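Contents: one structure, followed by commentary.
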Amino acid sequence: MPQEHAAAGFGVDFGAERVLIVDDEPGIRRYLGRVISAAGREVDEFENPDEALSQLRSGDYAVALVDIKMPGHDGLWLLGQVAGSDLDVCIVMVTGDTDVHTAVSCLTRGADDYITKPVDKAQLTQTVAKAVQTRRLRIENKAYREDLERLVGERTAQLEGALQDVRKGGAALAQAYRDSIYRLASAAEYRDSETGGHIRRIGLYSHVIAQHLGCDDDFLELVRLASPMHDVGKIGIRDSILLKPGRLTPEEFEEMKAHTLIGGRLLGGSDYPLMCLAETIAVSHHERFDGSGYPHGLAGENIPLAGRIVAIADVFDALITQRVYKPAFTWERALEILHEESDGHFDPRVLSAFDKGLSLITKVIVADTDPAISGARRYRTATSLSIAKPD
């Protein structure tokens, strides 16, 4: 067994990791087999794709070296059979054709790599090692996703249980709701490490903005507790989109936008005012004042006030926070961007209330992110600041 195989995996089973060679020329099969065996890997040789496919289905192979041109079923036929299956094997095509179009054709049909004849020993050894590592990463990633789905499922079940407690009523309704928020944060942290701090601060910013809009005390308390649930629907978005470091494609962005409706469905169906406002915020916090937002394209005051408030709080905190797809902006640059977006994106009256409460929002951020004090104490301090009456 190669040393790298014994040392890798961290509990993930990669199988036997044998190498399979398919070529109708015995001399080439023997040459490839000797080179790969000398590198410490176990090899099996086959002269036609039909026999090879039968063996590949055993799951014992990490890499298959497949000649393209063979009588009967050729290498591209075998590539198509494997690419359309759930076999965990990397296919490396072997060809005597140096035309780049041949290579492109192989890769677009699902091949992991290709090498040209005459095959260089060093290149062959390196290509096989790379293919083995590629397969291991795929298997580890699959195991990670399955474990992540299990964890998120467990946390989501906890959240749904807490929300059911809220809907049933009783003396502990408010406390049960607050618990559900942080159960959700715990679940979401498996998807996005920034979520916990972000949901705390959104509630505090929203409270400050609502204060400076002159909202009554009941609304202030409701918006503080409901706004942290604005992105609950992201629990239904795929990791490949939610954690993508680059710009989303139009198709990926359409899927991302669905988190507003997913959140609305998860929070909907309650007569309890807190839950109703949380549902409203989840659905409406990406609407834009000029009607160009989503999911419903609402405009002006047709957008619920709580959604207009959270839209500003959410964008501001996202700007000053490092995310997988961007660095953190300075507060000064974040404020510039908010005001650059004010024409069309935000309600001018709500943005003015944000500006009036900015000194208090700044104190909230400092209190909530101070590493010198415990997390619970930071949150209590930041909360006491946010609910203080403005001067």
Side-chain angles (χ1 to χ4, degrees), residues 1-98 102-103 105-144:
M1 179 182 294
Q3 182 179 1
E4 62 185 15
H5 179 217
F10 309 105
V12 177
D13 183 9
F14 297 126
E17 293 196 319
R18 300 171 68 87
V19 177
L20 183 144
I21 298 171
V22 192
D23 198 302
D24 61 315
E25 297 186 33
I28 294 178
R29 290 201 307 272
R30 288 195 295 269
Y31 169 73
L32 297 177
R34 283 197 304 269
V35 174
I36 296 168
S37 296
R41 303 188 185 281
E42 298 182 20
V43 180
D44 290 321
E45 302 172 13
F46 296 90
E47 66 177 350
N48 70 75
D50 297 274
E51 291 181 6
L53 180 60
S54 177
Q55 285 299 114
L56 282 173
R57 287 174 176 149
S58 70
D60 290 335
Y61 297 94
V63 182
L65 295 169
V66 182
D67 185 31
I68 292 182
K69 295 182 178 180
M70 290 179 282
H73 285 142
D74 63 9
L76 293 177
W77 174 84
L78 180 58
L79 172 61
Q81 297 297 307
V82 174
S85 71
D86 59 355
L87 292 173
D88 286 322
V89 59
C90 282
I91 302 294
V92 178
M93 303 304 293
V94 183
T95 176
D97 189 349
T98 58
T102 301
S105 176
C106 291
L107 296 174
T108 55
R109 294 185 187 202
D112 295 278
D113 208 341
Y114 76 98
I115 51 178
T116 58
K117 299 176 182 178
V119 179
D120 177 77
K121 292 181 180 180
Q123 183 190 15
L124 175 59
T125 302
Q126 182 180 18
T127 299
V128 170
K130 176 184 172 185
V132 169
Q133 185 60 30
T134 296
R135 176 179 178 268
R136 289 179 180 177
L137 291 173
R138 286 178 186 166
I139 293 173
E140 287 179 335
N141 189 47
K142 179 181 178 182
Y144 167 77

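Predicted model, so just to flag it, every value in this text is computed and none were measured.
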> Looking only at side chains, do Asp44 and Tyr61 share a donor and an acceptor under 3.5 Å apart?
Replying inline: yes
> Any donor and acceptor pair, going by atom type alone, linking the side chain of Tyr144 with main-chain N or O of Ile139 inside 3.5 Å?
Replying inline: no
> Is there side-chain contact between Met93 and Asp113, with at least one heavy-atom pair below 4.5 Å?
Replying inline: no
> Are Arg136 and Glu17 close enough for a salt bridge, meaning some N to O gap below 4.0 Å?
Replying inline: yes
>> Looking at Ser37 and Arg34, would you say the former's side chain and the latter's main chain have a donor-acceptor pair under 3.5 Å?
In response: no
> What distance do Glu45 atom CD and Leu20 atom CG have between them, rounded to the nearest 0.5 Å?
Replying inline: 9.5 Å
>> Could you tell me if the side chain of Asn48 sits less than 4.5 Å from the side chain of Val22, heavy atoms only?
In response: no
>> Tell me the closest heavy-atom pair linking Met70 and Pro49, and the distance in Å.
In response: CE-CG, 3.5 Å
> Is Asp67 paired with Lys117 through a side-chain N to carboxylate O contact shorter than 4.0 Å?
Replying inline: yes
> Where the side chain of Ser54 meets the backbone of Glu51, is there a donor-acceptor pair that is under 3.5 Å apart?
Replying inline: no
> Considering only heavy atoms from C-beta outward, does the side chain of Val128 approach that of Leu124 to under 4.5 Å?
Replying inline: yes
>> Which heavy atom of Val89 sits nearest to which heavy atom of Ala64, and what is that distance?
In response: CG2-N, 3.9 Å
> Quick check: does any side chain N or O of Arg29 sit under 3.5 Å from a backbone N or O of Asp23, one acting as donor and the other as acceptor?
Replying inline: yes
>> Could you walk me through whether Asp74 and Lys69 satisfy the salt bridge (charged side-chain N to carboxylate O under 4.0 Å, His left out) test, starting with their C-alpha distance in whole Å, then the side-chain angles of each, then the deciding distance to 0.1 Å, before giving a yes or no?
In response: CA-CA 6 Å; Asp74 63 9; Lys69 295 182 178 180; over 6 Å; no
>> Test your reading of the model: is there a side-chain donor-acceptor pair from Arg41 to the backbone of Val19, 3.5 Å cut-off?
In response: no
